[in-house]
Amino acid sequence: YNLCIHWQNYVEAPPTISRALLDPSIAAPFAIAMIVSAFFLTWAVVQVAVALGRIIVRTGQVSAMPFVLLLTAVSCQLVAIAGMVVLSQFTGNVSQPLHDLGSYMLFFGHSFGTSLLGLLVYTQIGVVDLQDTRHIASSNRFLALRKQPRRAAVVAILGALFGVTYFGGKFLPDIYFFWQRTIMIVLEVVVIFSFLGFLVAFGPFMGFWSRGRKATAHDVVSGSG
């Protein structure tokens, strides 16, 4: 939409989300959408945290480290959500420093939070396997969780690539400006959706553990087959 009505602004550089928000007709509904999204994302993060917390408790771990890792990961995710609100409320027309701060909160928060959640899931899978907790490890829904560490690694790599493109681009000669911005905006969109995709992928696992019960016999039989 912004590219169509303000095409002349993008002759020298491709459109970015931040530049699109300079238009009040886009920034106003975007700000409202981000507030609504923040509530849903916060609820999703809390549900994931509760589900992971339950598996830590059920496997009887006495160390505080898993809970510290979980709390740190969730805190990073909440910082990212807060950053999403900040950057949408404070556009470049209002306060460029606050807009940049919100962007940093969003991408660094999600990158670190996702990486830590992936590490936590990896360690919990190891605990379940060592304990041979059949009613957990054999559940189809728990098997879906085993893919999360790999997804987290992909998200971390994408976040790192975006960071290198964003910060490294400041040191490139002007001749590469257009292509640097093009790669950056593509990565920006991909990284944002990868954050959301990682949280959505917890769905099957949360559907099982949020009910606070062990797997049924059907889960065990179908999972082990």
Side-chain angles (χ1 to χ4, degrees), residues 37 40-81 84 106-163 187 189-225:
S37 299
F40 284 106
L41 282 175
T42 300
W43 177 249
V45 169
V46 170
Q47 291 297 301
V48 169
V50 169
L52 290 175
R54 280 179 173 165
I55 196 173
I56 295 172
V57 171
R58 290 202 176 189
T59 50
Q61 299 172 65
V62 296
S63 171
M65 185 55 65
F67 289 103
V68 172
L69 190 58
L70 177 59
L71 180 61
T72 304
V74 171
S75 298
C76 289
Q77 294 287 355
L78 294 179
V79 167
I81 294 172
M84 181 178 69
L106 172 65
F107 285 98
F108 283 109
H110 273 318
S111 295
F112 285 111
T114 300
S115 299
L116 292 176
L117 283 176
L119 177 60
L120 176 63
V121 170
Y122 178 80
T123 59
Q124 293 311 300
I125 290 173
V127 171
V128 170
D129 289 342
L130 286 175
Q131 291 185 355
D132 191 24
T133 311
R134 181 174 173 78
H135 72 272
I136 299 176
S138 298
S139 167
N140 279 335
R141 295 176 177 86
F142 184 80
L143 294 176
L145 189 66
R146 295 181 181 274
K147 299 178 181 180
Q148 289 298 78
R150 291 193 296 272
R151 292 190 180 107
V154 171
V155 173
I157 292 172
L158 288 173
L161 287 175
F162 176 78
L187 281 174
V189 174
V190 171
V191 170
I192 290 174
F193 278 101
S194 71
F195 293 147
L196 296 176
F198 178 77
L199 288 177
V200 170
F202 276 102
F205 172 72
M206 289 165 54
F208 180 70
W209 284 96
S210 63
R211 291 192 292 271
R213 63 169 179 81
K214 296 181 179 180
T216 63
H218 178 268
D219 291 326
V220 174
V221 173
S222 62
S224 59

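Side chains included, hydrogens not; waters and symmetry mates left out as well; all remaining heavy atoms used. Everything numeric in this text was worked out from a predicted model, so none of it was measured.
Side-chain contact between Leu71 and Ser75 is present, with heavy atoms from C-beta onward closer than 4.5 Å. The side-chain heavy atoms of Phe202 and Val121, taken from C-beta on, include a pair separated by under 4.5 Å. A heavy-atom distance below 4.5 Å is found between the side chains of Leu120 and Ile56.
One distance of note links OG1 of Thr72 with CE of Met65; it measures 9.0 Å at 0.5 Å rounding. Taken from CG in Leu161 to CG in Leu187, the straight-line distance is 6.0 Å, to the nearest 0.5 Å. With values rounded to the nearest 0.5 angstrom, Leu199 atom CG is found 8.5 Å from Gln148 atom CD.
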Would you sort out whether Phe195 and Ser111 count as a side chain to side chain contact (heavy atoms under 4.5 Å, CB included), showing the intermediate values? CA-CA 8 Å; Phe195 293 147; Ser111 295; 3.7 Å; yes
Can you list the steps and then say if Phe198 with Leu117 is a side chain to side chain contact (heavy atoms under 4.5 Å, CB included)? CA-CA 10 Å; Phe198 178 77; Leu117 283 176; 3.9 Å; yes
Please assess Gln124 against Leu145 for the test side chain to side chain contact (heavy atoms under 4.5 Å, CB included), listing each intermediate value before the final yes or no. CA-CA 10 Å; Gln124 293 311 300; Leu145 189 66; over 6 Å; no
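Residues meeting the side chain to side chain contact (heavy atoms under 4.5 Å, CB included) test with Ala49, sequence neighbours left out: Leu70, Val74.
In the displayed structure, Tyr122 atom OH is contacted under 6.0 Å by at most 12 heavy atoms of other residues, nucleotides or ligands. More than 12 heavy atoms of other residues, nucleotides or ligands lie within 6.0 Å of CZ in Phe162, so this atom counts as buried by the packing criterion.
The shortest non-hydrogen separation linking Arg150 to Arg146 is NH1-O, 4.1 Å. Of all heavy-atom pairs between Leu158 and Val191, the closest is O-CG2, 3.5 Å. Of all heavy-atom pairs spanning Val155 and Ser194, the tightest one is CG2-O, 3.7 Å. Heavy-atom minimum distance, Ala156 versus Ser115: CB-OG, 3.4 Å.
Gln77 and Thr42 are not linked by any side-chain donor-acceptor pair at a separation below 3.5 angstrom, with hydrogens and angles left out of the test.
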